[in-house]
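Remarks on the structure that follows.
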2 protein chains.
Amino acid sequence: MRSIIIGFGLLILCLLILFQIGEVNFIKGNVKLEVIVAIVAFIFFFVGLYFNYQSQKKAAAEKLSSNQFTDENQIDYDQLKRTGLTQREHEVLIKMAKGLSNQEIANELYLSESTIKTHVSNILFKLDAKRRTQAIQAAKQLKIVP
Amino acid sequence: MRSIIIGFGLLILCLLILFQIGEVNFIKGNVKLEVIVAIVAFIFFFVGLYFNYQSQKKAAAEKLSSNQFTDENQIDYDQLKRTGLTQREHEVLIKMAKGLSNQEIANELYLSESTIKTHVSNILFKLDAKRRTQAIQAAKQLKIVP
DNA sequence: AGGTATTTCATACTTTAGTATGACAACGAC
DNA sequence: GTCGTTGTCATACTAAAGTATGAAATACCT
């Protein structure tokens, strides 16, 4: 925004100086006022276009770069430690977040459903959640699941 | 783009007509050429800014609706249409994804739990999911929930 | 006006999720 | 060797989720 104002100011200044120097030529010459005005309007219209385009491009680039560094699908191990979840519980949590049922998790990990239920209960307690869906939501915010 | 050219053309035309009418006044008056030029430059600079801003806004809206660069926390309405979910179902889905229970969703929407169950069943069918956790996962991938 | 989709609700039912409790084995720390 | 942690499993129970079916009101479209 500052660059827009500075650039605009400089252009105006240049134009005014140019007119101060060549005032007599312009007025005494055959160039009509309308033409001058039209040319100035034309130039500044596109200057305006250009400046706005530049500022938009810059804003878009900043947005992109700020999104680039927050890498998705990356587990935040500091946050994970903070929750007090064990390895097995974390493993179960990840499968839970995939949308698997307790029975399906048990099958994938070659465990009984009872064991999964125990793990899930512990997960809910450690993540301060009442339901698995709430735990999943919390886990995503903590970035401890992909 | 067409509107930009038409708008610009009309403004130029208006200005020229104005000058044609009041030419004598301007030249014979005390108003200096520099001031006129500066004003014209100023006006057209911001006209340019405005037109570019409008066109960028339009382009951004088109991009959004055509499913190109939808950033996070932004709902992809094309995907949403494709699922066949109704407004109410989508509303319920969003609350579901927040980790709310059926009863809690019912309370927030001033509905009975039965209604929510019906909605959830329909959501599961339309998203081809067996459980709500699976539906949430699918919905996140489709970017139809924040 | 009549058909269609949406939204709402209910009842009855099955399945899954979650709690509470206890138990046992393995592993590492002190 | 004892203690705490982790991981495993079971039983019994309660709570929530999900299915199936029917029904009625509203709204929208032609």
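Per chain, numbering begins at 1; letters A, B, ... match sequence-line order.
Taking every heavy atom of both residues into account, B:Q137 and A:K98 meet most closely at CG-O, 3.7 Å. The minimum heavy-atom distance between B:L93 and B:I123, with the atom names listed, is N-CD1, 3.8 Å. The two atoms that bring A:I105 and A:V92 nearest to each other are CD1-O, 4.1 Å, heavy atoms only. Of all non-hydrogen atoms in A:A135 and A:A129, the two that sit nearest each other are N-CB, 3.6 Å. The minimum heavy-atom distance between B:T133 and A:M96, with the atom names listed, is CB-O, 4.4 Å.
Remark: B:E108 engages B:K95 in a salt bridge (charged side-chain N to carboxylate O under 4.0 Å, His left out) (not counting sequence neighbours). Qualifying side chain to side chain contact (heavy atoms under 4.5 Å, CB included) partners for A:A97, counting only residues two or more places apart in sequence or in other chains: A:I136, A:V145. Scored by the side chain to side chain contact (heavy atoms under 4.5 Å, CB included) test, A:D76 finds A:D78, A:Q79, A:K143 as partners (sequence neighbours excluded).
One distance of note links CG of B:L100 with CG of B:L109; it measures 9.0 Å at 0.5 Å rounding. Distance check, rounded to the nearest 0.5 Å: CG of B:L127 to CD of B:Q141 gives 11.5 Å. Note that CG of B:L80 is 5.5 Å distant from CD1 of B:I144, once rounded to the nearest 0.5 Å.
Read 5' to 3', the first and last nucleotides of DNA chain C with an atom closer than 4.0 Å to a heavy atom of chain B are C:dT6 to C:dA17.
An angle of 50°, rounded to 10°, separates the two end axes of the helix from C:dA1-D:dT30 to C:dC30-D:dG1, each defined over five pairs.
Under a hydrophobic clustering in which Ile, Leu, Val, Met, Phe, Trp and Tyr are joined whenever their side-chain heavy atoms come within less than 4.5 Å, directly or via other members, A:Y77 and A:L142 fall into the same cluster.
Sorted by first and then second residue, the pairs that involve residues 115-124 of chain B and meet side-chain hydrogen bond (donor to acceptor under 3.5 Å, both in side chains), not counting sequence neighbours, are B:S112-B:T115. For residues 127-137 of chain A, the pairs satisfying salt bridge (Lys or Arg N to Asp or Glu O under 4.0 Å) are A:R131-B:E104, with sequence neighbours left out. Every pair passing salt bridge (Lys or Arg N to Asp or Glu O under 4.0 Å) that includes a residue from residues 79-93 of chain A is listed here, sequence neighbours excluded: A:R88-A:E91, A:E89-A:K126.
Near-neighbour residues of DNA chain D inside residues 90-110 of chain B, defined by a heavy atom below 4.0 Å, number-ordered: B:S101, B:N102. Using a 4.0 Å cut-off on heavy atoms, the residues of residues 112-126 of chain B that approach DNA chain D are B:K117, B:V120, B:S121, B:L124, listed by number. Using a 4.0 Å cut-off on heavy atoms, the residues of residues 127-137 of chain A that approach DNA chain D are A:R131, listed by number.
Contact of the B:Q103 side chain with the B:I116 side chain is not registered, since no non-hydrogen atoms from C-beta on lie closer than 4.5 Å.
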Between the protein and nucleotides 25-30 of chain D, are there any N/O to N/O pairs under 3.5 Å, and if so, what are the atom names and distances?
none

